[in-house]
Structures are given as structure tokens and as C-alpha cells.
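Working notes, structure below.
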Amino acid sequence: MKNPVPQAASLLLEKLMLLVHVRPLLTGSGGETLPPAPGYYDTSCFKRGDLLEVPRTLFIHFGIYLGENRVAHLMPDILPTFTADRRQIQQVVTNKRLILGVIARTASVRVDTVEDFAYGGSILVNHMDRLFEDQVLGNEEAARRAEKLVGATAYSLLWNNCEHFVTYCRYGAAISLQTDKFCETVKMIIRDQRSVLASVLVGLASIVCLGLAPSTTLPTIFIPFFLWMAG
């Protein structure tokens, strides 16, 4: 029977690079990125304060609907580090800005149209309510919380991502189920002594891409490596 851990390590490293909210590119004849046309989505079924989900291949992007075709959502973005010009920051975030934001651990809670937020993906409305049915705040309270947080913020895939933002706004607690599953996969790889090198690679990639807390992460990552060297 094949050892599934190396395969899991490979998939995990791939996910580390892709779990940064990179949008699918919709290109025109000249190769430029084109957003969906206005009116692509029927917003009449959305209520202010609704939690919107856009499933992607390897992740889900989240936002809070503010009404009038506006969505507040958290995205990695390097630009707020260099300028406070809202006109520049409000321009659609390019993949370059986004990836540099992940590396620099900077982001912004921004307000975009539904079209720019979803970027052609299907939208689920309040899909997470079934998991937090006893914690759902009022729609107006959720929207007000989102509006208060608009602006530059720190970013971490594990500690402060778009899911943490929306769960705080709608349920009163910053939680990310996606990253909980991700951490379980990391633990599985690290605990398997047959994949020490894979553990080290995953650990290093995690530090670079996710902004893990060094005081708690470094020992966990390098203990298997030291045991391997000593053995």
C-alpha cells in the first residue's frame, strides 16, 4: 500500500500557494482582465447583512452584503502599505498586489460591487447559518460591524482571513473552518516520521505564506527535523 503522506504533502504545498484568494482570470481578446458585466447577478434576493460565499476550486471567498450592490470583504493587498489614496486602493486588486499582500501579511477590508466580489463564481447566501444557528446576529448588526472594519488590516491565512472577518460580523466570533481543516492536514504530515523532510518543507512554506506565530510554530516544525538528524 502506498504511503499517502507524500501525496498529502504535495497537495498541501500546492494549496499553500493557491489559498490566497487568487481570482480566475477572465480575459478579453487583448489579454486584459475583464470583470463580469454589471447586472450579472440578481441582487434582489440579497438582504443587507447577508453572508455571501463564493466557492472556488480550493477555497471559499466570503463577504458581507451591505445593500445597493455593495459587498464588504477582506482581501490581501500590498497597496495600503504604500498609500492612503482611496482611489488607488479601490481599484480592482490584481494578482500581483494580492500575492505581495500575502507575503507582507497586509490586507484591507474593502467594499466592491457584487460582480467584482464574486468574479463570475456562484454565490451562496447565509450558507454557514446552519452551523451557527444559535449565534446569528441581526442582519443590521452584521452590516454595521463590517462597515466599521473597512480599511487596512493585518493578514494571515490562519489568523485573519476573509472567513474570520465574516464570522465575526455575522456570528460574533472570528472563526475559519477552512483553516481548521488545513491545520489538521499539517499536523498529520508533521506527526508522520516517514515524512520528516516534507514536514520541514511544509513548515517553511507555512511561515512564508501564512504568517504563523514563530513562538508556537517553529518548535513544532523543526522537532521532527532534529530527530531525523540525530537518528
query: Residues in ring-ring contact (aromatic ring centres under 6.0 Å, His included) with Y65, at least two apart?
result: F46
query: Aromatic rings F132 and Y171: how do their planes relate, parallel, tilted or perpendicular, breaks at 30° and 60°?
result: parallel
- prompt: Between A107 and P76, what is the shortest heavy-atom contact and its length?
  reply: CB-CA, 3.7 Å
field: Atom pair CG (L177) and CE (M128), whose distance is rounded to the nearest 0.5 Å
entry: 4.5 Å
field: Residue pair T83 / D85, side-chain donor-acceptor N/O under 3.5 Å
entry: no
query: What's the shortest heavy-atom distance between C162 and I60, and which atoms?
result: SG-O, 4.0 Å
Heavy-atom pair of closest approach, residues G121 and V54: CA-CG1, 4.0 Å
- request: Can you see which heavy atom on Y41 is nearest to which on A118, and at what distance?
  value: OH-CB, 3.3 Å
query: Do we see a donor-acceptor contact under 3.5 Å between the side chains of E53 and N126?
result: no
field: All pairs passing salt bridge (charged side-chain N to carboxylate O under 4.0 Å, His left out) where residues 128-140 contributes a residue, at least two apart
entry: R48-E140, D129-R170, E140-R144
Least distance between heavy atoms, H164 atom then L157 atom: CE1-O, 4.1 Å
- prompt: Roughly how far, to the nearest 0.5 Å, is the SG atom of C45 from the CD1 atom of I123?
  reply: 8.0 Å
message: Within this structure, what is the OG1-CG distance for the pair T106 and L100, rounded to the nearest 0.5 Å?
response: 8.5 Å
- request: Enter the distance from L137:CG to L51:CG here, rounded to the nearest 0.5 Å.
  value: 11.0 Å
field: Student check: side-chain heavy atoms of L74 and T153 closer than 4.5 Å
entry: yes
message: Counting the benzene-type ring for Trp, do H61 and Y119 have ring centres under 6.0 Å apart?
response: no
- request: Can you measure from CG (N139) to CG (L66) and round to the nearest 0.5 angstrom?
  value: 11.5 Å
query: Looking at OG of S176 and CZ of F62, how far apart are the two atoms once the value is rounded to the nearest 0.5 Å?
result: 7.0 Å
task: State, to 0.1 Å, how close V93 and R110 come at their nearest heavy-atom pair, and which atoms those are.
output: CG2-NH1, 3.3 Å
task: Please go through I89's hydrophobic cluster and name the other residues, only I, L, V, M, F, W, Y counting, with side-chain heavy atoms under 4.5 Å joining them.
output: L79
